[in-house]
Amino acid sequence: MSRFTDKYIAAFMADLLARNPGETEFHQAVSEVLTSVAPCLEAYPHLLDSKIMERMVEPERVIIFRVPWMDDAGEIHINRGFRVQMNSAIGPYKGGIRFHPSVNLSVMKFLAFEQTFKNALTTLPMGGAKGGSDFNPRGKSDAEVMRFCQSFMTELQRHIGQDTDVPAGDIGVGGREIGYLFGQYKRLRDEFTGTLTGKGFAWGGSLLRPEATGFGVCYFAQQMLATRGESFEGKTVVVSGAGNVAQFAAAKAMRLGAKVVTLSDSDGFVFDPDGLDEEKFAYVQQLKNVARGRIKEYAAKYPTAKYYPGERPWGIKCDIALPCATQNELDAEGARKLVENGCICVTEGANMPTTPEAIAIIQGAKLLYSPGKASNAGGVATSGLEMTQNSIRQKWTSEEVDAQLHRIMTDIHEACIKYGTEEDGYVNYVKGANTAGFLKVAGAMMDQGLV
Ligand code: NDP
Ligand code: 2IT
């Protein structure tokens, strides 16, 4: 990197830290993108002079609101709600809603920032946003979750709309929550529109949206592996998480001929040396989505599996790792273990699951490595397809949706190759994804003037 670029990055980050104190996740996400795109800014001085990056890191709007609700025992609780509307240069704001106790402004801003570039990569017209609450759905009854969702939407509804901002699910927000949120939105606004995605199939949802993120992760990994003449066939795969993304990434990897040996949650992981099969997958779906149980119960049901409380799965020998739980779950120690054990490919399902130190180790060892904004974009892309189906009031078959999902993941992979191939032939997917996404958003912002 040139001296100019180094100085620019240092000055930019010093200002960002001063203006956004304590927002460590947001700093981390910006630093990664900035490092990737700084050479572009040097090459295209009009982007630098237009302060395009300075504009991109300032959300267009941040909404923070009180969410009061009453539990089943009659006790009152107050949570904090967020919606960060980061960038609308290429379409209405779009991005998920997360319910998790770790949600704060920094997490919301990092996710909305990442979403802006991810959505640009899908080639669909969607801006970037993220929302959520520090509400913890764990252990809450259906009635409590419903009352919380209704209170959350009572405020959020005035800030969203099918041409303004279209939320969807994320951690802690799945089909059940989208149903309650949609019901309250419809009641308050008296309109049946596609303002939320991830809806039930009977009321406007798209086939394959539940599967799309995890399936897309595997389609992207297939493309990465193919660059080295490899495939999932016969490979051992380590998956973290046990939620929406992890379940369908694991299922697709298994159906592509791999042996999936781990799943996890925030309490620990299970290692099943025999690997997942369709019957075990159905059990996991029942356990996590219906019974809302913990992953350790898998080891009780299948005695060949072992539960490791308080640990992450990266020490298990594998060929392919799919981090699908949460941010910063794969650290330097985990990355070293993966490299030592001969892993060849790390494809992110979660948003920013790998720490900067771990990325340096993985890329330094020349493993295939893709950032979530490229490899998990199949979820939001299929949300975009749901919006299209809502607009034209039609339903596509799962084959049609799957074909489009395949095409979009292939296009994203090609963009990464185009912008990320280094002199020695190594594909730096981080640089490729950030540069492709950035150039598209920057171009649209330039066209639309100083707004
Ligand atoms: P879910 O709520 O369905 O599942 C989340 C999983 O991650 C659970 O197993 C959960 O375990 C675990 N987890 C959550 N927080 C932590 C933590 N702090 N430490 C360890 N494990 C944790 O969420 P999703 O599967 O939808 O989301 C997973 C990731 O994928 C997130 O990073 C999300 O932003 C990203 N993503 C999701 C998309 C979607 O369409 N849903 C699209 C693109 C990206 P526990 O039960 O213990 O909390
Ligand atoms: O991180 C993500 O891309 C999501 N949670 C999905 C967002 C969406 O609008 O489908």
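This structure is a prediction, so every number in the text was calculated from the model and none was measured. Whatever order the structure lists ligands and atoms in, that order sets their numbers, starting from 1.
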Among non-hydrogen protein atoms, atom 7 (C) of ligand 2 lies closest to G96 N, 3.5 Å
Does any N or O atom in D265 lie less than 3.5 angstrom from one in ligand 1, N or O only?
no
Ligand 1 and R312, any nitrogen or oxygen pair closer than 3.5 angstrom?
no
Tell me: protein heavy atom nearest atom 2 (O) of ligand 1, and distance?
G172 N, 2.9 Å
Ring centres under 6.0 Å, that's the criterion: do F182 and F192 meet it?
yes
With heavy-atom distances below 4.0 Å as the criterion, list the atoms of ligand 1 near A350.
29 (C), 30 (O), 32 (O), 35 (C)
Distance only, no hydrogens: is a donor on one side chain within 3.5 Å (strictly under) of an acceptor on the other, for K118 and N351?
yes
Residue, atom and distance of the protein heavy atom nearest atom 10 (O) of ligand 2 read S383 OG, 2.6 Å
Measure from NZ or CZ of K109 to the centre of the six-membered ring of F26 and say whether it is under 6.0 Å with the direction within 45° of the ring axis.
yes
Among all protein non-hydrogen atoms, which one is nearest to atom 3 (O) of ligand 1, and what is the separation to 0.1 Å?
N244 N, 2.9 Å
How does S264 reach ligand 1, if at all, at less than 4.0 Å between non-hydrogen atoms: by side chain, backbone, both, or neither?
backbone
Identify the protein heavy atom lying closest to atom 27 (O) of ligand 1, giving its residue, its atom name and the separation to 0.1 Å.
I171 CG1, 3.6 Å
I'd like to know whether ligand 1 has R98 as a neighbour, heavy-atom separation below 4.0 Å.
yes
For R294, atoms of ligand 1 separated by under 4.0 Å from a heavy atom
45 (P), 46 (O), 47 (O)
Taking distance alone, with no angle check, do K130 and ligand 1 share an N/O pair under 3.5 Å?
no
Tell me whether ligand 1 is touched by G378 - counting only heavy atoms on the residue side and a distance under 4.0 Å.
no
Side chains of Y419 and K431, heavy atoms from C-beta outward: is any pair under 4.5 Å?
no
Hey, does C324 sit under 4.0 Å from ligand 1 if you only count heavy atoms?
yes
Report yes or no: does H159 contribute a side-chain atom to a donor-acceptor pair with the main-chain N or O of Q85 at less than 3.5 Å?
no
With S375 as partner, the option from C218, S370, C416 fulfilling side-chain contact (heavy atoms from CB on, under 4.5 Å) is S370
Starting from atom 8 (C) of ligand 2, which protein heavy atom do you reach first, and at what distance in Å?
A168 CB, 3.4 Å
Note: T382, heavy atoms under 4.0 Å from ligand 2, region reported as neither
Can an N or O of S266 be found at a distance shorter than 3.5 Å from an N or O of ligand 1?
yes
Using a plain distance cutoff, I'd like to know if V166 has any nitrogen or oxygen under 3.5 Å from a nitrogen or oxygen of ligand 2.
no
Considering only protein heavy atoms, which is closest to atom 18 (N) of ligand 1, and at what distance to one decimal place?
T326 CG2, 3.7 Å
Indicate yes or no: does an N/O atom of N376 lie under 3.5 Å from an N/O atom of ligand 2?
no
Identify the closest protein heavy atom to atom 4 (O) of ligand 1: which residue and atom is it, and at what distance?
G243 CA, 3.3 Å
State whether K296 and D267 are salt-bridged, where the test is any N-O pair (Lys NZ or Arg NE/NH1/NH2 against Asp/Glu carboxylate O) under 4.0 Å.
no
Looking only at protein heavy atoms, which one is nearest to atom 2 (C) of ligand 2, and how far off is it?
K118 NZ, 3.2 Å
Give me the residue, atom name and distance of the protein heavy atom closest to atom 39 (C) of ligand 1.
T213 OG1, 3.5 Å
Kindly assign one of parallel, tilted or perpendicular to the pair F152 and F65, based on the angle between their ring planes and the thresholds 30° and 60°.
tilted
Yes or no: does Q247 have any heavy atom under 4.0 Å from an atom of ligand 1?
no
Hey, is ligand 1 close enough to A242 that some N/O pair sits below 3.5 Å?
yes
Can you tell whether the side chains of R98 and D170 come within less than 4.0 Å, N to carboxylate O?
yes
Is P167 close enough to touch ligand 2? Criterion: a residue heavy atom under 4.0 Å from a ligand atom.
no
Sub-3.5 Å N/O-N/O distance, Q327 and ligand 1:
no
Based purely on interatomic distance, does A246 place a nitrogen or oxygen under 3.5 Å from a nitrogen or oxygen of ligand 1?
no
Can you list the steps and then say if F148 with F135 is a ring-ring contact (aromatic ring centres under 6.0 Å, His included)?
CA-CA 8 Å; F148 177 81; F135 172 71; 3.9 Å; yes
Is there a donor in the side chain of Q162 and an acceptor in the side chain of T195, or the other way round, less than 3.5 Å apart?
no
Short N-O contact, E114 and K373, less than 4.0 angstrom:
yes
Centres of the Y429 and H413 rings: under 6.0 Å?
yes
Side chain to side chain donor-acceptor pair (under 3.5 Å) with S36: of N428, T435, N434, only one passes, and it is N434
Atom 10 (C) of ligand 1: any protein heavy atom closer than 4.0 Å:
no
Flag N376 as yes when one of its N or O atoms lies below 3.5 Å from any N or O atom of ligand 1, and as no otherwise.
no
Please report the C-alpha distance between F82 and I63 in whole Å, then the side-chain angles of each, then the deciding distance to 0.1 Å, and finally whether the side chain to side chain contact (heavy atoms under 4.5 Å, CB included) criterion is met.
CA-CA 6 Å; F82 298 88; I63 300 143; over 6 Å; no
Near K130 (heavy-atom distance under 4.0 Å), the atoms of ligand 2 are 1 (O), 2 (C), 4 (C), 5 (N)
Does a side-chain N-to-carboxylate-O contact under 4.0 Å join E414 and K418?
no
Residue, atom name and distance, where the atom is the protein heavy atom closest to atom 37 (C) of ligand 1:
V245 CG2, 3.4 Å
Which option wins on minimum heavy-atom distance to atom 6 (C) of ligand 2: R209, E114, K94, K373?
R209
Short N-O contact, K280 and D272, less than 4.0 angstrom
yes
State plainly whether the residues D72 and R147 are in salt-bridge range, i.e. N to O under 4.0 Å.
yes
P323 and side-chain contact (heavy atoms from CB on, under 4.5 Å): which partner among M352, E329, R312?
E329
Ion pair check, R407 and D411, cut-off under 4.0 Å:
yes
Out of H100, M352, R209, who is nearest to atom 15 (N) of ligand 1 when you count heavy atoms only?
H100
Protein contact to atom 28 (C) of ligand 1 [nearest heavy atom, distance to 0.1 Å]:
A325 O, 3.2 Å
